[in-house]
Structures are given as structure tokens and as C-alpha cells.
Amino acid sequence: MLDTLREAVGNVTVDKVFGTPITQGDTIVVPVARVGGGAGGGGGTGTTAPGQEQGGTGGGLGVSAKPLGVFVLHDGKVDWRPVIDVNRIVLGGQLVAVAALFVARALITARARQGARSRLPYRSAGRLARRVLPRR
């Protein structure tokens, strides 16, 4: 288990973040990615009831990589070209649309309640209206 963990940690190097440069004519493209990883382990052997076996183990390992973009080297200049994550853009648009729907619903409900109050007849205001409003 420990050997596997050492091998996984040893594989997360700068070579995994910056890909192999690609040359086309006088232009060099260097791909860039975000690489991350994590691991966890467990153990056991505690007190148990008489006649029961003691034990326990556990472990896990995860590695992820996400492309970020490319560096383009051309005519002595370096340009950064980020990767456009369409999924993130679509998700952001969906969140904005849902928020707009909630705001629209709140405004429509508030206007409907306000309109219902303004349509009440004068007499339905009761004694309070008689006390507040001057008599003619």
C-alpha cells in the first residue's frame, strides 16, 4: 500500500502540469494543466466482545487533471490562450436564469397582493377609516 502511495505522489510532477511542447514551423505550443491528488488510509484493531475477531483496514487514492490552456511562443513573444470551459458557462447561465425566475415570481406575487389591497371598497376599511378620514 505504501509503495503505491509513493508511486502516485512521485507521478505528480511538473511534467504532468506542462505537457510536451509541440513545434510547428517557428511556433511552439506548450499545453498546461492543473494536476492534483490525494490519498487517505485507515486502520483498526480495537477492543471487541469475547469471541469476536478484531480487525480493520482501508485506504483510497485519487488523482485529477484539468486542462487550463496553452502557452504559444511565436516570434519571440509568449501568448496565453486559456481553455474555454463551455460547461461552466452553461451552468452559470442556468443559475442566472433560475435566480431571475425567482425574482420575477416575487415581483409578480407582490404586485398581485398590492393590487388586491387597492381594490378593497372604502367601507371595508371599517372603523379605522372613519376615524382617520375627515367627514364631509
Under 4.5 Å between side-chain heavy atoms, counting indirect links through other Ile/Leu/Val/Met/Phe/Trp/Tyr residues: same cluster for Ile28 and Phe71 or not? yes
Identify, with sequence neighbours excluded, every residue that meets side-chain contact (heavy atoms from CB on, under 4.5 Å) alongside Thr109. Arg105, Arg113
What heavy-atom pair brings Pro31 and Val70 nearest, and what distance separates the two atoms? CA-CG1, 3.7 Å
Tell me, please, which residues at least two apart from Gln24 pass side-chain contact (heavy atoms from CB on, under 4.5 Å). none
Taking only distance into account, with no hydrogens and no angle test, what donor-acceptor pairs under 3.5 Å do side-chain atoms of residues 73-86 form with protein atoms, sequence neighbours excluded?
from, atom 1, to, atom 2, distance (Å)
His74, ND1, Thr27, OG1, 2.7
Asp85, OD1, Asn87, N, 3.3

Members sharing Val98's hydrophobic cluster (side chains within less than 4.5 Å): Phe102
